[in-house]
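A quick write-up on the structure given underneath.
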Number of protein chains: 2
Amino acid sequence: MTENTVESVRRALDLLRELNRQRVSSVRHLHHATGLPKPTIVRMLDTFAALGYVVNDRRQGGYQVTSLVRSLSAGFHGDPLVVEAARPWAIAFTRKFQWPVAVAVLDRDAVAVRFSTIPDSPVSPFHVTINNRLKLMSRALGRAYIAFCPPNERNLLLRMLAMSDDPEDEAARDRDAALTLLAMVRRAGFADRSATVEPKSSSTIAVPVMLGRKVLATVGVTYFTSAIPKAEAIARYVPLLKEMAKNIQTSVVLLEQGGAPNDGAH
Amino acid sequence: MTENTVESVRRALDLLRELNRQRVSSVRHLHHATGLPKPTIVRMLDTFAALGYVVNDRRQGGYQVTSLVRSLSAGFHGDPLVVEAARPWAIAFTRKFQWPVAVAVLDRDAVAVRFSTIPDSPVSPFHVTINNRLKLMSRALGRAYIAFCPPNERNLLLRMLAMSDDPEDEAARDRDAALTLLAMVRRAGFADRSATVEPKSSSTIAVPVMLGRKVLATVGVTYFTSAIPKAEAIARYVPLLKEMAKNIQTSVVLLEQGGAPNDGAH
DNA sequence: TGTCGTCATTCCGCCTGACGGAACGACGAC
DNA sequence: GTCGTCGTTCCGTCAGGCGGAATGACGACA
């Protein structure tokens, strides 16, 4: 890394980020994920625990972060309003249905996950994917964006993707086929993940959060393909996702107006 | 600190927490706040910057955290639903009126700040107070809680406070005087900070977020006493705080119902 | 333009703090 | 009771982190 930085601190922050990627982390998992020797990991974890950021509970299966970690990010509030508005709805969805929800916004030629309820989900072994950029043509959250955004924006995005050499953008090079695929997504009313990308053990269904003709964000639910057949997942969760997206849209409108729900002026 | 922890990591996390307490931090400020020598601070900051957590911009006046810090806390989602529901409303309030807003919930015999828009406020030199416990009889957010909660709960809290030897709990020892003070707060419809506690350069006005007869949370706005006279602050912001509290309450109801605003079933 | 004060940054000799392989303890499966 | 695996502890080693002093940058002021 760059000259004159503190290697112990780099290691500690890598470890802390990994701790935040699932609800509970074992020493074995952290060893695999970071490559650090276990004595080093335990020493770092003891340091986090002494400061209150982490607790260790063998009954829970390992180490987990505490509410104090919020003080390490409290100074950053740069998410769009739609992400803030989406948070409570996503949390409520996961509480009710157990599967984790992600909220993503456009980030250049992909969508970036800005909120995830993976840590809230009791059935999810998935990793928190905050800041992960998801491709527009292969990932559900991305496809939901590019399918439902205005045609001018879609054309621009397809031109950007056509110039990419990323294999996951390859679908954008055959423009007619891409437009046909996206038309199918619009007709279906939701997007799912391409069958050609990993992981195969799970799948994601996503819908857009619209404001007028604009896509503000996309929201998706991820589930194990072995736990529920795809057709059943679609039948059950697409209506619920659409309802949640509608609620998020309404929250955004109310927040921007500063008005009250059930306002007589409507 | 405890045996076998990593001192460099403890220092780094102290520094990172301080960086999160205001929008921009100078090396001088960080030196005063943490006691670390400046070369140590610069080396740590270079480490954070190399990893992407911090940027340095002399034009901005120093160092500030980036969106990546969210990955250091993304695994913790333990806030009550009312705090999640309150977040976007608090952010919208600060964008509109500039003064920072805090959201607090009961935490044993005090209220704890669970969300603050201090980093979003352009006029605020206040420090983010996430996790700070604020006393029930002397702080606005605390007083708003104990004044408006159900009588049984208030009696229990007053008994707990009467046994405390904290000077800020002293007002609870004269039960009749305490009840009189709290009755005045209820009549006024809002709480402010006791004139006997620091800092004197600022003040806070707070109101409860009610659900039925329960107080879910309290929300308050903090302002410079030199920038706006108290009477004017009250006249201007109390109605706005009440409106925001009402919106938060409605959001909580909708989230718990999973229903849509303007639902025809009403 | 030159000087001054203050802040940020760099240098580098020092030494102790962090390291990690080996060993040990705990625990569940068989 | 034995075994495998995971978590934890030990401790000799050495290089990583330290911080006072020096230097650079910059704005205020005459």
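Per chain, numbering begins at 1; letters A, B, ... match sequence-line order.
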Inset, instruction - Would you indicate, yes or no, if D:dG7 has its OP1 or OP2 atom less than 4.0 angstrom from a side-chain nitrogen or oxygen of A:N56? - result: no
Legend entry - Among C:dA8, C:dA22, D:dG7, the nucleotide that comes nearest once only the side chain of B:R28 is considered: C:dA8
Inset, instruction - Report the residues that fulfil side-chain hydrogen bond (donor to acceptor under 3.5 Å, both in side chains) with A:S164, sequence neighbours left out, ordered by chain and then residue number. - result: A:D169
Inset, instruction - Using atom CG of A:L45 as one end and atom P of C:dG20 as the other, report the distance to the nearest whole Å. - result: 14 Å
Inset, instruction - Please name all residues satisfying salt bridge (Lys or Arg N to Asp or Glu O under 4.0 Å) with A:R87, sequence neighbours left out, ordered by chain then number. - result: B:E84
Legend entry - Qualifying residues under salt bridge (Lys or Arg N to Asp or Glu O under 4.0 Å), relative to A:R43, sequence neighbours excluded: none
Inset, instruction - Assign the ring pair A:F93 / A:Y237 to parallel, tilted or perpendicular, where the plane angle (0 to 90°) is split at 30° and 60°. - result: tilted
Inset, instruction - Output the single nucleotide from D:dC10, C:dT10, D:dG7 whose closest atom is nearest the side chain of A:P39. - result: D:dC10
Inset, instruction - Look at A:Y63 and D:dT8 and indicate whether a side-chain polar atom (N or O) is within less than 4.0 Å of OP1 or OP2. - result: yes
Legend entry - Atom-pair distance (NZ on A:K38; C1' on C:dG21), nearest Å: 13 Å
Inset, instruction - Provide, to the nearest angstrom, the distance between the CZ atom belonging to A:R10 and the P atom belonging to D:dG16. - result: 12 Å
Inset, instruction - Would you please name every residue forming a side-chain hydrogen bond (donor to acceptor under 3.5 Å, both in side chains) with A:R70, sequence neighbours left out? - result: B:D79, B:N131
Legend entry - Nearest atoms (heavy-atom pairs only) where A:M137 meets A:E168: CB-O, 4.1 Å
Check nucleotides 16-18 of chain C against the protein and report each pair of N or O atoms closer than 3.5 Å, with its distance, or say if there are none.
residue, atom, partner, partner atom, Å
C:dA18, OP1, B:E7, N, 3.0
C:dA18, OP1, B:S8, N, 2.7
C:dA18, OP1, B:S8, OG, 3.0
C:dA18, OP2, B:E7, N, 3.1
C:dA18, O3', A:S8, OG, 3.2

Inset, instruction - For A:R193, enumerate each residue passing the side-chain hydrogen bond (donor to acceptor under 3.5 Å, both in side chains) test, keeping only those at least two apart in sequence or located in another chain. - result: A:S202, A:T204
Inset, instruction - Using atom CG of A:L30 as one end and atom C1' of D:dT8 as the other, report the distance to the nearest whole Å. - result: 14 Å
Legend entry - B:L15 CG - D:dG17 P separation (whole Å): 15 Å
Legend entry - Between C:dA8 (C1') and B:L36 (CG): distance, integer Å: 16 Å
Legend entry - With A:D14 via salt bridge (Lys or Arg N to Asp or Glu O under 4.0 Å) - residues at least two apart: A:R10, A:R17
Legend entry - Inter-end axis angle, the helix from C:dT1-D:dA30 to C:dC30-D:dG1, with every axis fitted to five base pairs (rounded, 10 degrees): 40°
Legend entry - Rounded interatomic separation in angstrom, taking CG from B:D46 and C1' from D:dG16: 16 Å
Inset, instruction - State which residues pass salt bridge (Lys or Arg N to Asp or Glu O under 4.0 Å) with A:K230; sequence neighbours excluded, sorted by chain then number. - result: A:D192
